[in-house]
2 protein chains.
Amino acid sequence: MREHTDTRDRIQEIALKLFTEQGYEATSLREIAEELGVTKAALYYHFKTKEDIVASLAEDQQAAMERLIEWAREQPRTREVRHEFLRRYADNLYSGRNHAFLRFMERNQTALRTHPKVEKMRRLVAALMEVFGEEGDTTAQRLRRSMAIFSLHAGLFLLNEEKIDDAERKALALELARELMDAGSGPG
Amino acid sequence: MREHTDTRDRIQEIALKLFTEQGYEATSLREIAEELGVTKAALYYHFKTKEDIVASLAEDQQAAMERLIEWAREQPRTREVRHEFLRRYADNLYSGRNHAFLRFMERNQTALRTHPKVEKMRRLVAALMEVFGEEGDTTAQRLRRSMAIFSLHAGLFLLNEEKIDDAERKALALELARELMDAGSGPG
DNA sequence: GTCTATACGTCGATAGAC
DNA sequence: GTCTATCGACGTATAGAC
């Protein structure tokens with residue numbers, strides 16, 4: 001599909017790290033190149049533009065989220081399915097670069113507001129929040145379902161001072177997400 | 001205390017709007033000046049630097065939050081006090097520029113990470129989340145108290161598609177915040 | 001694939017006239 | 001208080017050698 005060099009992967013890794021730590025606009029291609037040990041021009045061999053680096057990062061995560069939404073739509077509307085849905089999303093989040101990418105998105109919402117792939121990701125997150133929504137739901141229920149997804153995102157960084165490992169963090173965030181999801185759904 | 005011209009106030013208003021909509025770094029002083037109908041140089045008469053505009057916006061909100069934390073520390077640790085605390089914070093948030101400023105902070109976390117007044121504000125938000133913490137609290141409880149504050153911040157923009165007014169939005173966010181705060185506190 | 005060199009724009013900020 | 005004019009630094013991006 002695409003040529004897959006080590007350098008390309010390292011650019012993604014370093015870019016995501018610096019974008020998250022310092023901000024998207026505040027991070028120049030010069031900085032990325034420096035940390036990588038090459039010049040700016042080398043980056044342009046692997047990526048057409050700065051935005052293109054973000055696009056490449058969004059692509060993997062997008063596929064995973066689309067698959068999860070597709071899965072959820074085919075399932076019966078039961079409490080067990082909703083819990084399994086949250087578990088799958090948490091597994092996805094807490095593995096690989098996925099959580100790092102979502103944190104980057106959340107911390108740089110405005111800077112990335114016109115980025116097509118980021119807009120797509122925002123719509124997918126919104127879809128996650130609504131996939132178990134039904135006709136007669138109240139606004140109070142919608143709020144709780146949204147906050148269920150949100151608590152998974154927030155879990156990792158809200159508890160960063162605690163002396164616990166990621167597995168426990170994930171379990172705690174997931175437990176709260178289930179409570180909120182149950183409170184935001186009808187019976188059954 | 002300080003000379004208080006109309007222009008100074010309009011600069012704050014327009015800057016906060018553009019910073020929130022477009023991002024802090026993505027908004028140039030030229031844009032602010034243009035929307036105001038003056039030149040960049042005029043801005044520099046009212047504010048020493050770009051960061052100084054942010055600092056001025058933080059100051060009002062900081063005072064209100066410090067007062068609220070001070071108040072909470074003097075109260076007995078009861079359920080009624082915690083609910084009153086949330087109500088006061090929500091009143092503060094949903095009035096004036098306070099909520100707009102916090103949204104701006106959340107959406108531009110990384111770009112503002114080294115800004116002294118913004119760091120101070122982050123510490124104050126953390127203090128709000130911990131002000132009802134006690135010695136033997138579990139991590140699960142801490143997470144719920146944090147999410148209680150967070151749900152007040154999130155309430156306004158998570159429900160932006162709903163056809164309800166701000167008063168109802170506030171009431172719904174407050175109700176969820178109470179649930180989370182109760183779940184994150186000991187009995188009494 | 002990576003380099004040097006550079007084009008070209010915009011940024012924040014300042015000097016000095018009015 | 002606001003202007004014109006300008007500075008130096010840095011940004012993204014490209015051309016062309018190796």
Side-chain angles (χ1 to χ4, degrees), chain A residues 1-58 104 107-108 110-118, chain B residues 1-58 104 107-108 110-118:
Chain A
M1 296 213 104
R2 70 159 94 106
E3 75 278 33
H4 197 77
T5 68
D6 276 1
T7 303
R8 190 191 152 93
D9 222 65
R10 287 179 61 217
I11 293 171
Q12 289 182 315
E13 192 76 24
I14 290 171
L16 180 54
K17 191 189 107 194
L18 293 180
F19 287 164
T20 306
E21 286 173 0
Q22 311 182 348
Y24 175 68
E25 307 248 17
T27 302
S28 64
L29 296 179
R30 180 187 52 73
E31 283 179 286
I32 297 171
E34 248 168 43
E35 183 134 342
L36 205 103
V38 296
T39 64
K40 278 191 293 176
L43 302 185
Y44 280 96
Y45 173 80
H46 296 279
F47 295 98
K48 228 170 67 253
T49 63
K50 188 182 181 185
E51 291 195 350
D52 202 41
I53 300 178
V54 176
S56 77
L57 287 165
F104 158 61
R107 291 196 186 177
N108 293 276
T110 51
L112 298 169
R113 77 191 187 292
T114 62
H115 193 298
K117 295 268 198 242
V118 173
Chain B
M1 297 215 106
R2 68 158 96 108
E3 75 276 31
H4 197 77
T5 68
D6 275 3
T7 303
R8 189 190 153 93
D9 222 64
R10 286 180 62 218
I11 293 171
Q12 289 183 314
E13 192 77 23
I14 290 170
L16 180 55
K17 189 188 109 197
L18 293 180
F19 287 164
T20 305
E21 285 173 1
Q22 312 182 347
Y24 175 69
E25 308 247 17
T27 303
S28 65
L29 296 177
R30 180 188 51 75
E31 282 178 286
I32 298 171
E34 244 168 45
E35 184 134 343
L36 206 104
V38 297
T39 65
K40 275 193 297 176
L43 302 186
Y44 280 96
Y45 173 82
H46 296 280
F47 295 97
K48 226 168 70 256
T49 64
K50 190 182 181 184
E51 292 197 349
D52 201 43
I53 300 178
V54 175
S56 78
L57 288 166
F104 157 62
R107 290 194 185 179
N108 292 276
T110 51
L112 298 169
R113 78 192 187 294
T114 61
H115 193 298
K117 294 268 198 244
V118 173

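Residue numbers begin at 1 in each chain, while the letters A, B, ... track the order of the sequences. Heavy-atom basis, side chains included; hydrogens, waters and symmetry copies ignored.
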query = For B:E21, which residues count as a salt bridge (charged side-chain N to carboxylate O under 4.0 Å, His left out) partner, sequence neighbours excluded?
reply =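 Partners of B:E21 under the salt bridge (charged side-chain N to carboxylate O under 4.0 Å, His left out) test: none.
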
- Query: Mind checking what makes salt bridge (charged side-chain N to carboxylate O under 4.0 Å, His left out) contact with A:K117, not counting sequence neighbours?
  - Reply: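 Once residues adjacent in sequence are excluded, the partners of A:K117 under the salt bridge (charged side-chain N to carboxylate O under 4.0 Å, His left out) criterion are A:E59.
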
Q.
Let me test you: for the helix from C:dG1-D:dC18 to C:dC18-D:dG1, what is the angle between the axes at its two ends (five pairs each), rounded to 10 degrees?
A.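 One end axis against the other gives 0°.
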
What residues, two or more places apart in sequence or in another chain, satisfy side-chain hydrogen bond (donor to acceptor under 3.5 Å, both in side chains) together with [X]?
X: B:E51; result: none
X: A:E35; result: A:K17
X: B:K40; result: none
X: B:T27; result: B:Q22

OP1 or OP2 of D:dT2 sitting under 4.0 Å from any side-chain N/O of B:Y45?
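It does not, given that no N or O in the side chain of B:Y45 lies less than 4.0 Å from OP1 or OP2 of D:dT2.
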
Tell me the closest heavy-atom pair linking B:R10 and B:L36, and the distance in Å.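 It is NH2-O, 3.4 Å.
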
Round to the nearest Å and state the distance from [X] atom [atom1] to [N] atom [atom2].
X: B:I32; N: C:dC11; atom1: CD1; atom2: C1'; result: 12 Å
X: B:H46; N: D:dC3; atom1: NE2; atom2: C1'; result: 13 Å
X: B:E34; N: D:dT2; atom1: CD; atom2: P; result: 17 Å

Scoring nucleotides 4-18 of chain D by protein non-hydrogen atoms under 4.0 Å (B base, S sugar-phosphate only, - none) yields B------SBBBB---

side-chain contact (heavy atoms from CB on, under 4.5 Å) involving B:A26 - partner list, sequence neighbours excluded |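 For B:A26, the residues satisfying side-chain contact (heavy atoms from CB on, under 4.5 Å) (neighbours in sequence not counted) are A:E25.
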
Who are the side-chain contact (heavy atoms from CB on, under 4.5 Å) partners of A:S28, not counting sequence neighbours?
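If we apply the side-chain contact (heavy atoms from CB on, under 4.5 Å) test to A:S28, skipping adjacent residues, the hits are A:R30, A:E31.
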
- Message: Going by ring-ring contact (aromatic ring centres under 6.0 Å, His included), name the residues that satisfy it together with A:Y24, two or more places apart in sequence or in a different chain.
- Response: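 Residues passing ring-ring contact (aromatic ring centres under 6.0 Å, His included) with A:Y24: A:F19.
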
(Q) Just to be sure I understand the geometry, which residues of residues 15-23 of chain B put a non-hydrogen atom under 4.0 Å away from DNA chain C? (A)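 Heavy-atom contacts with DNA chain C come from no residue of residues 15-23 of chain B; none.
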
